[in-house]
There are 2 protein chains.
Amino acid sequence: MDRAADRVYEALRAGILDGSRRGGSRLTETGLAEELNASRTPVREALRRLAAEGLVDTAPHKGARVTDWTPHDLEELYDLRSELEAHAAERAATRVGEEDLVRLAGLADQLEQQARRAQPDLEAVARINADFHDCIQAAASSRRLAAVLRSVVRVPLVLSTYHRYSPEDLRRSCAHHRELVQAFRAKDGRWARAVMTAHIAAAKDVLMRTREHPAGQPAEHPPTHFVPDSIPEPR
Amino acid sequence: MDRAADRVYEALRAGILDGSRRGGSRLTETGLAEELNASRTPVREALRRLAAEGLVDTAPHKGARVTDWTPHDLEELYDLRSELEAHAAERAATRVGEEDLVRLAGLADQLEQQARRAQPDLEAVARINADFHDCIQAAASSRRLAAVLRSVVRVPLVLSTYHRYSPEDLRRSCAHHRELVQAFRAKDGRWARAVMTAHIAAAKDVLMRTREHPAGQPAEHPPTHFVPDSIPEPR
DNA sequence: CCTTGCCGAGTTGTATGCAACTTAGGCTCG
DNA sequence: CGAGCCTAAGTTGCATACAACTCGGCAAGG
């Protein structure tokens, strides 16, 4: 990460994902260059990369804007993500090694321990969850799939699903993780696919259900339990 | 397309896809700039775009190379493409309008007419096939899916499957197109998905079967009938 | 008052000079 | 004779100047 272009890219992506750069807001090359202490060249490169990943929209001679996602876009995205993660799970089921299984089981246990607490450590939960999904992707052993999945999964994070999960949602999520490990252990691709499909569908449902409550209104359940079902950082 | 960066991008992509730029060959910025009458800046941008799409590999300070695809990569790719096109077909089934159906039926007819000839017009066949798949993607009405699909489908073209299809392969391909139209007409997503999955699997099989014959050796069937199953140009 | 054309400020697109890095080859030293 | 350092050529990464384009607003004419 010694290149300025990478620095700018990371800074922009982080800003977009954590919400400090709102959807629709304009991104001028000169402005960003000044703000991030770089020249326009690396800024341009970063913007182009983000555009390729769908995080910003660009038009010739008209500049770049942070893409803002309509509910319709989000629904498309979750459907697509569902297909891709299901595919990854199916491939992984017949390719996991013993060490992967041990690792996945360990992660599922950790997740469950966090979930049982009254005040789960959100950061830890997010990290564990991300590691779990990353491990599956790695086991699927398809570089191309991994790349596509990264670009698709990254977007839902714009509206990080933290503090959206009810205790019941959380329990179901943990159960899914456990069941996935079992399906992998049985090397049953169809089983793994089905569970993963359900897992993503549940995540979509949580998002869609709580979407009307933009912030500070975490639905009608107490704000004690939650788990993000998104994958914050690849590796 | 008034930008130099677009010109360079198109030229490079065309060169890679038609095989005149071999996998593994190096692409230096200065060399390309001279060759294509542009400065290094638009060349850089084009290379970055191609890298994002997976057509070239880059490493910091080490330059870009045309990615060369191992048989393993290709298998991954076709599996992924199968999922995505199947998803597109399923979505399309419940969203097609009457005008789409008419158009698709017309394209399927045209394809069949070409196929019945002793000497099908390859260009026409490729165009019709591309239009057919594009129409389905459009009917699926998911911008994100369309983008991902483009980047995934583009690669198999590196080894364009022209002159690989036996007459039997060709007949099957036509039958698939016809059946897809019927499934759409019935608005049966599962049916459409199944046919599309079969369609791509058949295409993969043709590629894998004839991969040992690099060129000039079009397998054991006479080189009279063929149809590409790939999508040359998005719109 | 509305339309139309023009102008200018601001932004993106391109060219190019310079610095930093990689790598291959020869040279020195063990 | 071989290993390792060092240099130099070549390439990429960055900065910046300049050209081309977009779009708001204003003024003149209908």
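Chain letters run A, B, ... following the sequence lines, proteins first, then strands; residues in each count from 1. Since we're looking at a predicted model, the values are computed, not measured.
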Visitor: Is a side-chain N or O of Arg44(A) found less than 3.5 angstrom from the main chain of Arg40(A), in a donor-acceptor match?
Guide: no

Visitor: Starting at CD of Glu34(B) and ending at P of dT14(C), how long is that distance when rounded to a whole Å?
Guide: 19 Å

Visitor: From the set dC21(C), dC14(D), dA15(D), return the single nucleotide nearest to any side-chain atom of Ala38(A).
Guide: dA15(D)

Visitor: With a 4.5 Å heavy-atom cut-off, do Leu104(A) and Phe184(A) have their side chains touching?
Guide: yes

Visitor: Where is the tightest heavy-atom contact between Asp68(B) and Asp73(B), given as atom of each residue plus distance?
Guide: O-OD2, 4.2 Å

Visitor: Rounded to whole Å, please give me the gap between CG in Asp6(A) and C1' in dT12(D).
Guide: 13 Å

Visitor: Please give, in whole Å, the distance from dC21(D) P to His61(A) NE2?
Guide: 6 Å

Visitor: Is a side-chain N or O of Thr67(A) found less than 3.5 angstrom from the main chain of Leu55(A), in a donor-acceptor match?
Guide: yes

Visitor: Is there a side-chain contact between Asp121(B) and Gln114(B) (heavy atoms, below 4.5 Å)?
Guide: yes

Visitor: Tell me whether Asp79(B) contacts the main-chain N or O of Glu76(B) through its side chain, where contact means a donor paired with an acceptor under 3.5 Å.
Guide: no

Visitor: In whole Å, I'd like the distance from the CZ atom of Arg65(A) to the C1' atom of dC23(D).
Guide: 12 Å

Visitor: Between dT12(C) atom C1' and Leu32(A) atom CG, what is the distance in whole Å?
Guide: 13 Å

Visitor: Would you say a side-chain N or O of Lys62(B) is under 4.0 Å from OP1 or OP2 of dT23(C)?
Guide: yes

Visitor: Heavy atom of residues 21-31 of chain A under 4.0 Å from DNA chain C: which residues?
Guide: Arg26(A), Leu27(A), Thr28(A), Glu29(A)

Visitor: Which of the following nucleotides, dC14(D), dT16(C), dT22(D), is nearest to the side chain of Ser39(B)?
Guide: dT16(C)

Visitor: State which residue, out of Glu85(A), His87(A), His133(A), fulfils the side-chain contact (heavy atoms from CB on, under 4.5 Å) condition with Leu149(A).
Guide: Glu85(A)

Visitor: Closer than 3.5 angstrom, by distance alone: can the side chain of Ser20(A) be matched with the main-chain N or O of Gly15(A) as a donor-acceptor pair?
Guide: yes

Visitor: Just how far, in rounded Å, is P of dA15(D) from CZ of Arg7(A)?
Guide: 8 Å

Visitor: Tell me what Ala5(B) touches on the nucleic acid: a base, only sugar-phosphate, or nothing, going by heavy atoms under 4.0 Å.
Guide: sugar-phosphate

Visitor: Taking 4.0 angstrom as the limit, do Arg91(B) and Glu83(A) come out as a salt bridge?
Guide: no

Visitor: Quick one: Arg3(B) CZ to dT22(D) P, roughly how many Å, whole number?
Guide: 12 Å

Visitor: Considering only heavy atoms, which members of residues 40-47 of chain B lie under 4.0 Å from some atom of DNA chain C?
Guide: Arg40(B), Thr41(B), Pro42(B)

